[in-house]
Amino acid sequence: MTTEPGMEVDDQDNNDEMKDEEEEDDDEENSSSDEEGEEDVYVPGDKLEEGQTLEVDENAYILYHQCSLGPPCLSFDILQDQVKADYPLSVTSVAGTQAAKVTANNIIVFRMSNLNCVRPRDEDEDSDVDEPDEERPVLKMAGIKHAGCVNRVKYERIGPTPVVAAWGETGTVSVWNLSNVLSKLDIPGKEVFREETTPLQAFTG
């Protein structure tokens, strides 16, 4: 069977057109996947491409607040018996600082109160809009002076007495009574109380 030269040219043109259409489809799929990728949830370990940035979607949270205690803290513990579980929430915690200046370290007891749900925010809403005064979170702090950096803290209640064990950079584990500093969190005002006292017990190993 013989074929006319014109038929071979038509077949070649059709093949080229099909390849072009497939390439266009691939380009559209890649571009659409790129657009969808802009809204993907970031998973730790994923590499960010050049120009990509991470943004917090506050609408993904039921509760979202931030606070700073000043110096960095390597360890903290929540005082479960001091948690207020109905809105507005209140959380009391204890942390140990790792200040650059050795004499500036503390065991800090802090309370975050008046914690309200995240308000749904429209995309067009200005992110710099201030919260109503009645919804503003409140942070109160009180501290116990600690010799050196604190590597780890652990809270416990022994009978009626709230205590915290602090493992210092010197290798000593000290147990401190928190009764006094906890009472300072109930005093109105922004004053930060710092107590200088001795631990109930110290273990040097």
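What you see is a predicted model; the values in this text were computed from it and never measured.
Contacts of Thr92 classified as side-chain hydrogen bond (donor to acceptor under 3.5 Å, both in side chains), with partners at least two apart in sequence or in another chain: Arg111.
Put simply, Ile78 and Ile108 are part of the same group of oily side chains (I, L, V, M, F, W, Y) that touch within less than 4.5 Å, one to the next. Note: the hydrophobic cluster containing Val153 does not contain Val91 (ILVMFWY, side chain heavy atoms under 4.5 Å, direct or indirect links). In the hydrophobic clustering of ILVMFWY residues, with side-chain heavy atoms under 4.5 Å counting as a link, Val83 and Leu63 come out together. No single ILVMFWY cluster, assembled from side-chain heavy atoms under 4.5 Å apart, contains both Leu74 and Val164. Taking hydrophobic clusters as Ile, Leu, Val, Met, Phe, Trp and Tyr residues chained together by side-chain heavy-atom distances below 4.5 Å, Leu115 shares a cluster with Phe110.
Panel note: side chain Lys184, backbone Met141; no donor-acceptor pair is recorded below 3.5 Å. Checking side-chain atoms of His65 against main-chain N and O of Asn116 turns up a donor-acceptor pair under 3.5 Å. Put simply, the side chain of Asn105 gets close to the backbone of Ala99: a donor and an acceptor are under 3.5 Å apart. Side-chain atoms of Asp77 never come within 3.5 Å of backbone atoms of Ser75 as a donor-acceptor pair (strictly under, hydrogens ignored).
Members clustered with Tyr42: Leu48, Leu54, by chain and number, using a 4.5 Å side-chain heavy-atom cutoff among hydrophobic residues.
Considering every non-hydrogen atom in both Ala142 and Leu185, the closest pair reads N-CD2, 3.9 Å. When all heavy atoms are compared, the tightest approach of Gly143 to Val181 is O-CG1, 3.8 Å. Closest of all the heavy-atom pairs between Leu139 and Cys67 is CD2-CB, 4.1 Å. The two residues Gly168 and Asn151 make their nearest non-hydrogen contact at O-ND2, 3.6 Å.
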Extract all donor-acceptor atom pairs below 3.5 Å that involve side chains of residues 192-205 and protein atoms in other chains or at least two apart in sequence.
{"unit_1": "Arg194", "atom_1": "NE", "unit_2": "Asn106", "atom_2": "OD1", "d": "2.5"}
{"unit_1": "Arg194", "atom_1": "NH2", "unit_2": "Thr103", "atom_2": "O", "d": "3.3"}
{"unit_1": "Arg194", "atom_1": "NH2", "unit_2": "Asn106", "atom_2": "OD1", "d": "3.2"}
{"unit_1": "Glu195", "atom_1": "OE2", "unit_2": "Asn180", "atom_2": "ND2", "d": "2.5"}

Can you give the donor-acceptor pairs under 3.5 Å from side chains of residues 170-179 to other protein atoms, not counting sequence neighbours?
{"unit_1": "Asn177", "atom_1": "OD1", "unit_2": "Ser179", "atom_2": "N", "d": "2.9"}
{"unit_1": "Asn177", "atom_1": "OD1", "unit_2": "Ser179", "atom_2": "OG", "d": "2.8"}

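The salt bridge (Lys or Arg N to Asp or Glu O under 4.0 Å) analysis of residues 155-179, with sequence neighbours excluded, yields the pairs Asp81-Arg157. Within the structure, salt bridge (Lys or Arg N to Asp or Glu O under 4.0 Å) pairs that include any residue of residues 83-100 comprise Lys84-Asp86 (at least two apart or interchain).
At least one side-chain heavy atom of Cys73 sits less than 4.5 Å from a side-chain heavy atom of Thr97. Side-chain atoms of Leu79 and Pro162, non-hydrogen and from C-beta on, never get closer than 4.5 Å to each other.
Distance check: Tyr155 OH to Gln80 CD gives 9.5 Å after rounding to the nearest 0.5 Å.
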